[in-house]
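First comes the structure, then the notes that go with it.
Owing to the predicted nature of the structure, the values given are computational and were not obtained by experimental measurement. We number each residue from 1, following the sequence as shown.
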Amino acid sequence: MTVMNVVRPHRRQRPHRRHRRPLISGAAVAAATALGLGTLTACSDTSATSGNTDKFDVVTSFYPMAYLAEQIGGKYVHVTTLTEPGQEPHDLEISARQTAQLQESDAVLYLKGLQPSVDDAVAQSPVKTKIDAATLTSLEKHGNEVGGHAAEHDHEHGGEAGGKDPHIWLDPVRYAEVAKGVGAAFAKADPDHADTYKTNTEALVEKLGALDSQYRSGLKNTRTRVFITTHSAFGYLAERYGLTEEAIAGLDPESEPSAARVKDLEKMAKADGVSTVFYETLVSDRTAKTLAKDSNLKTDVLDPIEGITSRSRGDDYIQVMEANLKALQTALGAR
């Protein structure tokens with residue numbers, strides 16, 4: 001059957017407030033101060049006591065932005081991130097210490113509309129180089145036919161993103177566009193190392209192009225084009241590769257899906273030959289497993305790559321995206 005490429009509204013399933021991970025402990029504050037607030041890789045200067053290192057200091061909002069900064073900046077950039085590994089980025093609330101760190105940096109790389117507290121802090125920061133990834137590619141509204149939900153999302157995020165889906169990094173083509181913009185911004189802000197930034201950007205864009213090719217060939221022939229997720233994060237990916245994402249939307253991760261939604265998804269799964277309900281690593285899998293049990297379906301992980309933890313199926317963005325591709329191929333019945 002022909003499946004229209006329709007993606008349901010973006011509605012975040014947030015961890016239940018009672019179980020929210022503490023933003024940062026006293027010991028972690030001390031460690032973060034010493035390490036430059038969440039230092040990520042060996043290319044960072046771990047001896048720094050603040051953002052003022054002998055490198056180009058870049059504060060990033062969460063993992064997909066940190067990955068770009070690390071890959072493009074290489075040895076000349078000291079990268080820190082405001083969102084700890086395993087922390088749900090949408091619920092980040094910046095501390096006073098993090099705000100001070102941001103003010104001392106040479107540049108900030110963030111995605112406006114995803115994390116309201118970051119948007120506010122960046123707006124008030126004197127940092128000269130402010131790189132908003134949302135301006136470096138095109139954003140779309142996914143499922144905006146249900147205006148109330150889009151408006152709800154827009155309100156949650158301070159109206160900054162206009163209710164548009166922020167998950168651009170899950171489309172390798174859009175992510176590559178962002179990478180090019182970041183590389184150009186780094187080169188302008190730190191001209192002494194512009195050639196290196198350009199070379200590193202080209203290498204990253206090539207890697208993302210190869211990833212795009214893997215997805216195109218890997219998902220070209222499948223038994224079904226429909227997949228079910230708990231979190232409506234994969235709209236851009238679905239659009240890029242001719243798939244349809246059906247999300248169990250608007251539910252607390254710890255609550256049961258509504259009877260009506262379960263019934264709709266059961267009918268859709270049967271009609272479209274869906275075999276699997278996907279869940280993610282940073283929120284509860286209870287909803288997915290409840291639906292799967294009721295519908296006699298399997299469960300698996302489809303990672304929105306908002307952070308890398310010990311539970312991630314890979315050590316970096318590329319590896320986890322490749323793991324996502326394998327999961328989709330299995331679920332969709334790739335030939």
Side-chain angles (χ1 to χ4, degrees), residues 5-15 60-68 81 83 87-92 109-116 118-119 132-144 146 149-150 152-154 156-158 160-179 181-182 208 211-212 215 219 227-250 253 278-283 301-308 312-314 316-318 320-325 327-328:
N5 182 24
V6 177
V7 182
R8 292 295 182 250
H10 169 71
R11 281 171 284 176
R12 157 60 52 174
Q13 290 193 4
R14 298 169 185 268
T60 61
S61 54
F62 73 131
Y63 176 73
M65 300 298 103
Y67 179 76
L68 291 179
T81 186
T83 307
Q87 184 178 11
E88 215 291 330
H90 296 70
D91 287 334
L92 175 70
L109 173 57
Y110 71 118
L111 181 56
K112 193 172 185 179
L114 182 75
Q115 298 170 289
V118 173
D119 295 349
D132 174 13
T135 66
L136 302 177
T137 187
S138 57
L139 269 68
E140 298 177 8
K141 287 186 178 182
H142 285 138
N144 63 344
V146 187
H149 297 301
E152 177 187 352
H153 179 265
D154 184 21
E156 287 177 3
H157 294 281
E160 299 293 355
K164 294 183 178 180
D165 184 351
H167 298 87
I168 49 178
W169 65 92
L170 293 169
D171 172 1
V173 177
R174 277 186 168 84
Y175 199 41
E177 291 173 354
V178 175
V182 172
L208 294 172
L211 182 65
D212 173 51
Y215 265 78
L219 298 173
F227 63 100
I228 299 176
T229 62
T230 53
H231 168 204
S232 182
F234 299 90
Y236 292 110
L237 185 149
E239 184 178 87
R240 178 68 59 191
Y241 305 110
L243 307 176
T244 297
E245 177 188 32
E246 289 282 354
I248 312 167
F278 286 113
Y279 62 95
E280 61 189 77
T281 54
L282 296 187
V283 297
V301 170
L302 199 62
D303 195 333
I305 322 182
E306 294 175 339
I308 299 291
S312 301
R313 294 178 175 177
D316 64 14
Y317 170 84
I318 296 290
V320 179
M321 279 292 282
E322 289 173 342
N324 280 347
L325 173 57
L328 282 168

Discussion item. Can you confirm if the aromatic rings of Tyr175 and Tyr317 lie within a centre distance of less than 6.0 Å?
Written reply: yes
Discussion item. Has Tyr236 got a side-chain atom pairing as donor or acceptor with His167's backbone, closer than 3.5 angstrom?
Written reply: no
Worksheet item: Would Tyr110 and Asp132 satisfy side-chain contact (heavy atoms from CB on, under 4.5 Å), going step by step from the backbone distance to the final call?
Response: CA-CA 5 Å; Tyr110 71 118; Asp132 174 13; 4.0 Å; yes
Item to complete: Please tell me if the side chains of Leu170 and Ile168 come closer than 4.5 Å, counting only heavy atoms from C-beta onward.
Response: no
Discussion item. Any heavy-atom pair between the side chains of Ile305 and Asn324 that's under 4.5 Å?
Written reply: yes
Worksheet item: Which atom names give the shortest non-hydrogen contact between Gln87 and Leu92, and what distance separates them?
Response: NE2-CD1, 3.5 Å
Discussion item. Under a plain distance cut-off of 3.5 Å, with no hydrogens placed, do Asp316 and Tyr63 share a side-chain donor-acceptor pair?
Written reply: no
Fill in: Backbone N/O of Ser138 and side chain of Arg174: donor-acceptor pair under 3.5 Å
yes
Worksheet item: Side chains of Leu237 and Met321: does their closest heavy-atom pair fall under 4.5 Å?
Response: yes
Worksheet item: Are any side-chain N or O atoms of Thr83 and backbone N or O atoms of Ser61, one a donor and one an acceptor, separated by less than 3.5 Å?
Response: yes
Discussion item. Can you confirm whether Ile248 sits close enough to Phe278 that some side-chain heavy atom of one is under 4.5 Å from a side-chain heavy atom of the other?
Written reply: no
Discussion item. With a 4.5 Å cut-off on side-chain heavy atoms, are Arg313 and Val301 touching?
Written reply: yes
Practice prompt. Check whether any side-chain heavy atom of Phe62 sits under 4.5 Å from a side-chain heavy atom of Leu114, and report yes or no.
Written response: yes
Discussion item. Are the side chains of Tyr67 and Trp169 in contact, using a 4.5 Å heavy-atom criterion?
Written reply: no
